[in-house]
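Residues: numbered from 1 along the sequence shown. Quick caveat, the model's predicted, so the values are computed rather than measured.
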Amino acid sequence: MSPVTIGVVLAIVAGIINGSFAAPIKYAKVWKWENIWAVWAAFGMVIFPWLILFITVPRPLEVYQQGGMHNTMMLVGFGLGFGLAQILFGLGIAAVGMALNFAIAIGISTAFGSLLPLLMQHREKIDTPQGHMIFIGVLLVVIGIVGCAIAGKMKESHMSGGVERQRESAAVKMSFTAGLVIVVLAGIGSPLINFGLAFGDKLKEVAGMQGVPPGSQANVIWAPLNSAAFIPYILYCIYLWKKNNTASLYKTPGTGRNWVFGAIMGAMWFGSTVIYGDITARLGNMGPILGWPLFMSAIIITSNVWGLATGEWKGSGSKALNSMFGSIFFLILGFAALAYAGRLG
């Protein structure tokens, strides 16, 4: 298979893993939002990124020294913004449900995360068949996102007659509109992780000089970026521990499996990120531009399947379900268009 074909297949695999990483929340009993997400963040943002870095890069500290302090600090800045977005992302799941949160937040992230690097780094590609196909693919994905949002609103209206909307955290109570605002803000900040990859070429170049294969070079990006993201995230969790007196829940008998769930969530989330770094390497210099919407589309489709499987759409009505299925069809069309754009390159 060609590198592009392998990249597309890996995008599906990574999307399935990432779109499924939050599923264990459904089975974490007793703990509140701040408990399970703090454990996820510790594993996914700090422990696994540095572990993978030291396994795959011979002399990682030299990479940051030779790559320049300003490049490392750029990643830290992206990471801090991404951490704030992840707080909102986690709240969005609790506020509007997994399927709708993933659809809107990651849909917005798809457009920003793909088109901004294209406009800033490869303007010469815009008026080409490949550039046109990228815009078509992103447009189809956005249409799918809007459709998912409409389907979610229809579901909300249908269920408001007597069935309370299912929530992952009883501590998060807000209207659908307020939850939607949170999800949109999360989507705006989420592509900062892709910007770190798109604008971190110098660090990847230094890693390559150490003999690190292209598929693993992105690991020098993930460790500092995600560690910086962990700072605002854990501070918010600490605030919630104190506010809700929930830190003691970590000692509650019978919750040992929740630690395992949090570690699994972190492994799945960061594992998909590592695969995404490999995808971008296979897609060449357009990797972050093409790989990001491919990755995001697969995530959205997977998260909607999980939403169906876990009962989020139970009692939502046939119109809402049909709208959601139609939106997934547009997401699949967008994925196919973006895969074709990769071949045009």
Side-chain angles (χ1 to χ4, degrees), residues 4-5 7-12 14-16 18-19 78 82 85 89 99-152 183-199 272-273 276-277 279-280 282-304 323-345:
V4 171
T5 301
V8 171
V9 172
L10 288 176
I12 295 173
I16 291 173
N18 194 293
F78 284 146
F82 178 67
F89 188 84
L100 187 57
N101 179 77
F102 269 84
I104 299 174
I106 297 181
I108 294 172
S109 174
T110 298
F112 282 162
S114 177
L115 298 183
L116 188 60
L118 175 63
L119 294 172
M120 295 185 65
Q121 294 182 315
H122 301 281
R123 295 184 65 87
E124 74 283 356
K125 294 280 188 178
I126 294 176
D127 195 19
T128 65
Q130 185 184 36
H132 298 162
M133 190 58 61
I134 290 173
F135 277 102
I136 291 172
V138 171
L139 177 61
L140 288 169
V141 170
V142 171
I143 291 173
I145 301 313
V146 173
C148 286
I150 293 173
V183 172
V184 169
L185 292 176
I188 293 174
S190 291
L192 289 173
I193 191 172
N194 194 48
F195 295 162
L197 185 63
F199 301 113
S272 70
T273 304
Y276 172 64
I279 293 167
T280 60
R282 295 177 186 276
L283 295 177
N285 61 356
M286 296 288 283
I289 296 168
L290 283 168
W292 188 249
L294 286 171
F295 184 32
M296 297 295 105
S297 299
I299 291 173
I300 296 168
I301 294 170
T302 301
S303 64
N304 273 283
S323 178
M324 190 267 290
F325 285 128
S327 301
I328 289 178
F329 175 71
F330 276 100
L331 290 172
I332 294 173
L333 287 179
F335 187 96
L338 291 162
Y340 180 64
R343 291 185 176 276
L344 290 177

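For Leu283, the side-chain contact (heavy atoms from CB on, under 4.5 Å) criterion is met by Val4, Ile279, Leu290, Leu294, not counting sequence neighbours. Under the side-chain hydrogen bond (donor to acceptor under 3.5 Å, both in side chains) criterion, Ser272 pairs with Asn18, not counting sequence neighbours. Legend: residues meeting side-chain contact (heavy atoms from CB on, under 4.5 Å) with Phe325, ordered by chain and number and at least two apart, are Leu308, Leu321. Tyr276 is linked by a ring-ring contact (aromatic ring centres under 6.0 Å, His included) to Trp292, Phe295, counting only residues two or more places apart in sequence or in another chain.
For the atom pair Ile328 CD1 and Ile301 CD1, the distance stands at 7.0 Å (nearest 0.5 Å). With rounding to the nearest 0.5 Å, the separation of CG in Leu197 from OG1 in Thr273 is 10.5 Å. How far CG of Leu338 is from CD1 of Ile289: 11.5 Å, rounded to the nearest 0.5 Å. For the atom pair Phe82 CZ and Phe195 CZ, the distance stands at 12.0 Å (nearest 0.5 Å). Atom CE of Met324 and atom CG of Leu331 lie 10.5 Å apart (nearest 0.5 Å).
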Q: Might you work through the side-chain contact (heavy atoms from CB on, under 4.5 Å) test for Ile188 and Val184, ending with a clear yes or no?
A: CA-CA 6 Å; Ile188 293 174; Val184 169; 4.3 Å; yes
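For the side chain to side chain donor-acceptor pair (under 3.5 Å) condition, no pair includes a residue of residues 111-121, sequence neighbours left out.
Pairing each heavy atom of Pro293 with each of Ser297, the nearest pair is O-OG, 2.7 Å. Gly113 and Pro191 make their closest contact through CA-CB, 3.5 Å (heavy atoms, listed as atom of the first residue, atom of the second, distance). The minimum heavy-atom distance between Ala85 and Ser190, with the atom names listed, is CB-N, 3.7 Å.
Of the candidates Ile16, Leu10, Val9, Ile12 forms a side chain to side chain contact (heavy atoms under 4.5 Å, CB included) with just one, namely Ile16.
A donor-acceptor contact shorter than 3.5 Å is absent between the side chain of Ser109 and the backbone of Ala105.
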Solution key, residues 131-142 side-chain donor-acceptor pairs under 3.5 Å, sequence neighbours excluded:
| unit_1 | atom_1 | unit_2 | atom_2 | d |
| --- | --- | --- | --- | --- |
| His132 | ND1 | Thr128 | O | 3.4 |
| His132 | NE2 | Asp127 | OD1 | 3.0 |

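Side-chain contact between Tyr340 and Leu344 is present, with heavy atoms from C-beta onward closer than 4.5 Å.
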